[in-house]
Amino acid sequence: MLPLAALTYLLLLVPTNRAFSCFNFVTLTVFRENFKLVLQRADTVENEPLGTEIVVENQHVPLLQTGCFKNLSKLRYIKVVQCGLEEIEPSAFYNLPKLRTIDLGFNNLKEIINGIFHSLAIVKLSLKANAIETIREHAFYNLTLLESLDLSSNKLHYLSPEMFFRTYQISRLDCSHNDLQQVDEMFFWDIFGSNRDDVSSLIDLSFNNLSTIERDTFKGVFYINSLLLHHNSIKEINSEAFHGLKSGVSLDVRYNKLDGLDDIELLRLAAGKFEDILDDWDQYTEDLLIGIENL
């Protein structure tokens with residue numbers, strides 16, 4: 001007879017039979033190719049193995065349980081938005097080989113733990129407008145196809161490269177409207193798809209509390225379309241901040257705490273890197289010239 005501890009461990013490994021209990025009291029919209037079904041009893045979803053999309057909006061879904069989307073091998077899109085979602089158990093999205101997009105925006109998630117999204121074949125993930133303060137190391141482990149990640153409008157203070165281990169195809173990262181005070185050096189190393197010059201890429205760190213841009217913050221980013229740093233508290237940008245960048249289209253550093261001399265130095269450092277640089281010093285100079293012309 002197995003000891004109690006071993007028996008408990010084995011029980012944890014057994015797939016749960018609570019499939020769709022988290023949806024028992026909500027209405028699910030399921031798309032089967034181009035045919036739309038509205039299910040009043042969520043447990044009947046298992047009878048729709050050809051379903052390609054599941055949409056739940058403005059309902060009460062505080063928990064996504066392990067295996068709650070089982071038997072939906074054709075599922076490509078999951079949307080659970082404005083549902084008061086507070087917790088996602090590991091492997092909630094287990095065995096969904098066709099899944100490409102997950103939208104969990106406008107919920108109450110506070111932490112992204114390991115084991116939720118590991119090794120999925122998703123291309124787009126939105127966690128916008130939750131209350132996320134913590135993202136665990138390797139939380140986005142092995143998302144080798146992920147291109148777009150939206151973490152905007154959360155409560156993040158810190159970005160560490162360990163969050164994105166083996167996630168190296170991102171071409172759009174939106175971390176705007178957080179409380180970021182630090183972005184680790186080497187954060188973008190080997191995770192950003194802008195290493196390919198055919199990718200139109202975006203890094204949005206606007207509306208945060210960044211005070212400095214360190215030497216190797218953008219190391220590993222060779223090509224970038226838009227780098228948005230406006231509405232921070234940036235006082236200093238290291239002279240090696242853009243080292244390794246081959247070309248960029250737009251850099252926006254407006255509404256920071258750079259003074260005129262720092263701003264001119266920034267222009268010098270970024271010259272030849274970005275086609276367009278938006279900064280307060282240019283605007284100040286332009287307003288001054290207009291004022292002189294109107295005298």
Side-chain angles (χ1 to χ4, degrees), residues 20 22-23 25-31 36 38-39 42 45 51-66 68-69 72 75-94 96 98-118 120-136 139-141 143 145-159 163-164 167 169-180 191 193 201-208 226 228 231:
F20 289 97
C22 47
F23 295 131
F25 303 104
V26 303
T27 299
L28 289 177
T29 301
V30 178
F31 293 85
K36 178 178 177 181
V38 178
L39 304 179
V45 135
T52 57
E53 300 180 26
I54 285 184
V55 177
V56 192
E57 296 180 279
N58 299 304
Q59 299 186 73
H60 183 61
V61 184
L63 170 67
L64 292 183
Q65 296 169 339
T66 297
C68 67
F69 297 102
L72 300 177
L75 199 61
R76 298 182 61 86
Y77 177 86
I78 293 174
K79 182 177 183 179
V80 181
V81 169
Q82 290 185 321
C83 291
L85 182 62
E86 297 177 356
E87 182 181 354
I88 306 172
E89 292 184 349
S91 300
F93 305 103
Y94 174 73
L96 299 175
K98 301 291 186 180
L99 187 62
R100 296 296 179 266
T101 300
I102 300 176
D103 186 353
L104 303 175
F106 298 92
N107 283 295
N108 296 324
L109 295 169
K110 293 181 173 61
E111 179 181 18
I112 303 300
I113 63 173
N114 292 334
I116 296 175
F117 304 112
H118 282 190
L120 295 177
I122 56 175
V123 175
K124 185 175 181 179
L125 173 61
S126 177
L127 297 167
K128 178 179 182 178
N130 277 271
I132 300 170
E133 297 181 2
T134 304
I135 298 177
R136 295 298 178 186
F140 303 117
Y141 173 77
L143 298 182
L145 299 180
L146 186 66
E147 297 177 0
S148 176
L149 176 60
D150 191 345
L151 295 170
S152 64
S153 300
N154 280 287
K155 297 181 179 180
L156 292 170
H157 301 287
Y158 176 69
L159 292 179
M163 302 172 183
F164 295 94
T167 303
Q169 295 295 332
I170 295 176
S171 59
R172 181 183 179 89
L173 177 62
D174 190 346
C175 293
S176 63
H177 295 88
N178 275 277
D179 189 28
L180 290 176
I191 71 168
S201 50
L202 167 74
I203 300 175
D204 191 347
L205 300 174
S206 62
F207 292 95
N208 280 287
S226 297
L228 307 180
H231 289 89

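Keep in mind that this is a model prediction, so the values were computed, not measured.
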May I have the step-by-step check of side chain to side chain contact (heavy atoms under 4.5 Å, CB included) for Ile132 and Leu156, ending in yes or no?
CA-CA 6 Å; Ile132 300 170; Leu156 292 170; 3.9 Å; yes

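- Heavy-atom neighbours of Tyr158 OH from other residues, nucleotides or ligands within 6.0 Å: above the threshold of 12.
- Between Leu146 and Val123, every side-chain heavy-atom pair lies at or beyond the 4.5 Å cut-off.
- The side-chain hydrogen bond (donor to acceptor under 3.5 Å, both in side chains) test with His157 singles out one residue from Asn178, Asn208, Asp179, and that residue is Asp179.
- Side-chain N or O atoms of Thr134 include none that pairs as donor or acceptor with a backbone N or O of Glu111 at under 3.5 Å.
- Side-chain contact between Glu89 and Leu63: present, with at least one pair of heavy atoms (C-beta onward) separated by less than 4.5 Å.
- No donor-acceptor distance shorter than 3.5 angstrom exists from the side chain of Ser152 to the backbone of Cys175, with no hydrogens or angles considered.
- For His60, the NE2 atom sits in a loose shell: 12 or fewer heavy atoms of surrounding residues, nucleotides or ligands are nearer than 6.0 Å.
- Checked options Leu228, Leu173, Ile170; the residue passing with Leu202 is Leu228 (criterion: side-chain contact (heavy atoms from CB on, under 4.5 Å)).
- Side-chain contact between Tyr77 and Ile102 is absent, with no heavy atoms from C-beta onward closer than 4.5 Å.
- To the nearest 0.5 Å, atoms CD (Gln169) and CZ (Phe164) are separated by 14.0 Å.
- Residues Leu180 and Leu159 meet the side-chain proximity criterion, which asks for heavy atoms closer than 4.5 Å.
- Checked for salt-bridge contact, Lys79 and Glu57 meet the test: a charged N lies under 4.0 Å from a carboxylate O.
- Counting heavy atoms of neighbouring residues, nucleotides and ligands inside a 6.0 Å radius, atom CZ of Arg100 exceeds 12 of them.
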Step by step, would you call Leu109 with Leu127 a side chain to side chain contact (heavy atoms under 4.5 Å, CB included)?
CA-CA 9 Å; Leu109 295 169; Leu127 297 167; 4.3 Å; yes

